[in-house]
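Working notes, structure below.
Along the sequence shown, residues are numbered consecutively beginning with 1. Being a predicted model, the structure only gives us computed values, none of them experimental. Indexing begins at 1, ligand by ligand and atom by atom, following the structure's order.
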Amino acid sequence: MSWQLWNRVDEFVGETLLDSDPVLEDALRASAEGGLPPIAVSPAQGRFLQQLARIHGARMILELGTLGGYSTILLARALPEDGRLVTLELNPDYAEVARANIERAGLGGRVELRVGPAQEGLQALIAEGAGPFDLVFIDADKSSTPGYFQLSLQLVRPGGIILVDNVVRDGALVDPDTDEPGALGMRRFHELAGRQQVQATTIQTVGVKGYDGFTLVLVDGA
Ligand code: SAH
Ligand code: DHB
Ligand code: MG
């Protein structure tokens, strides 16, 4: 078992199950040309995100960490015509690339991109009485995930879901010797979620993005 095999399987999944998607391919090309790091969700994971939003019937989506808007486009495509997606991005240069990608995807009317630290963005949304959101996708700076999760709980409706990306990080999640802030953040996030009135589980993943995983949180009270 090796990353070469994981890559081949992801390629096979792409060839057999995922249609060629010029809009997404253009978004990735523009992101690379803009110097953005190649850390968007994989095509297979992106399809999963879109399906999850569809299955859940999400009309209001919140995303933390836009990058070039790849996951934003997939999530926004799952929305009905009158649905809305708010996405928070710290880096104004990334946000500019994302804005153009989202416009080219024809989703500018459904997506609101706010530039600034996600922590402040979340506090502003709470102060505005925004939401409630049906789905929150947490995919920004990993060490801040516990705080983002706690604030998100104030914005998600009962029965809503919070999906957290990159929680396993090559197994650093459980490495007692790690001092990687992201891994420590994800460990604290698990401990926190375990104490909340939520149902959560973590699924480990392999593929073109290496060995990682995501946590799916279902907020009780529906
Ligand atoms: N969701 C994207 C990938 C996001 S990568 C996709 O799958 O397509 C993580 C993003 O979080 C980067 O764009 C980074 O600039 C952003 N980020 C880092 N720290 C942040 C912060 N404090 N607030 C908001 N965004 C942040
Ligand atoms: C990183 C961020 C991500 O959202 C991701 O999916 C992979 C890597 C990172 O910051 O390194
Ligand atoms: Mg991610």
Side-chain angles (χ1 to χ4, degrees), residues 3 10 21 23-32 34-50 52-53 61-78 85-102 104-105 107 111-125 135-152 162-173 178 180-186 189 202-216:
W3 62 267
D10 251 351
D21 194 323
V23 168
L24 286 176
E25 285 153 23
D26 281 355
L28 287 181
R29 196 173 314 118
S31 299
L36 277 59
I39 55 176
V41 292
S42 72
Q45 290 166 344
R47 170 65 63 85
F48 175 79
L49 270 183
Q50 189 173 4
L52 186 67
I61 297 176
L62 174 60
E63 176 180 66
L64 281 56
T66 317
L67 191 65
Y70 185 84
S71 56
T72 316
I73 290 169
L74 284 154
L75 286 167
R77 281 176 173 174
L85 184 152
V86 179
T87 184
L88 310 178
E89 172 55 50
L90 177 67
N91 186 313
D93 298 329
Y94 296 1
E96 199 176 312
V97 172
R99 238 181 222 121
N101 285 335
I102 292 162
R104 267 198 300 274
L107 294 163
V111 175
E112 183 188 345
L113 199 171
R114 296 189 180 191
V115 181
Q119 164 105 0
E120 285 173 23
L122 287 164
Q123 280 160 346
L125 288 166
L135 189 160
V136 182
F137 179 45
I138 301 181
D139 194 23
D141 52 316
K142 309 308 166 189
S143 61
S144 303
T145 300
Y148 296 157
F149 171 64
Q150 207 128 34
L151 289 169
S152 297
I162 301 174
L163 188 72
V164 183
D165 196 25
N166 311 116
V167 301
V168 175
R169 309 307 294 270
D170 278 314
L173 178 65
T178 191
E180 207 256 296
L184 296 174
M186 291 310 183
F189 157 64
T202 292
I203 298 298
Q204 304 180 68
T205 57
V206 295
V208 290
K209 308 305 297 285
Y211 168 40
D212 212 325
F214 61 85
T215 303
L216 181 60

Quiz item: To the nearest 0.1 Å, how far is atom 7 (O) of ligand 1 from its closest protein heavy atom, and which atom is that?
Solution: V41 N, 2.9 Å

Quiz item: With a cut-off of 4.0 Å, which atoms of ligand 2 are near a heavy atom of D165?
Solution: 6 (O)

Exercise. Name the closest protein heavy atom to atom 1 (C) of ligand 2, giving the residue it belongs to and the distance to 0.1 Å.
Key: I39 CD1, 3.7 Å

Exercise. Looking only at N, O or S atoms, find the one in D139 nearest to the Mg ion (ligand 3) and name it.
Key: OD1

Quiz item: What protein heavy atom sits nearest atom 21 (C) of ligand 1, and how far away is it?
Solution: D141 OD1, 3.4 Å

Exercise. State whether the shortest distance between N or O atoms of D139 and N or O atoms of ligand 2 falls below 3.5 angstrom.
Key: yes

Quiz item: In D165, what N, O or S atom is nearest to the Mg ion (ligand 3), if we give its atom name?
Solution: OD2

Quiz prompt | Q45, portion touching ligand 2 at heavy-atom distance under 4.0 Å | solution = neither

Practice problem: Write out the residue and atom name of the closest protein heavy atom to atom 9 (C) of ligand 1, then the distance separating them to 0.1 Å. | Solution: D139 O, 3.1 Å

Quiz item: Contact between G116 and ligand 1, counting heavy atoms under 4.0 Å?
Solution: yes

Quiz item: Nearest heavy atom to atom 16 (C) of ligand 1: which of E89, R114, E63, K142 does it belong to?
Solution: E89

Exercise. Measure T66 to ligand 1 on non-hydrogen atoms and call it side chain, backbone, both or neither using the 4.0 Å cut-off.
Key: backbone

Quiz prompt | Top protein contact for atom 7 (C) of ligand 2, by heavy-atom distance | solution = N166 ND2, 3.6 Å

Exercise. Using a strict 4.0 Å cut-off to heavy atoms of L67, name the atoms of ligand 1 that fall inside it.
Key: 2 (C), 3 (C), 4 (C), 13 (O)

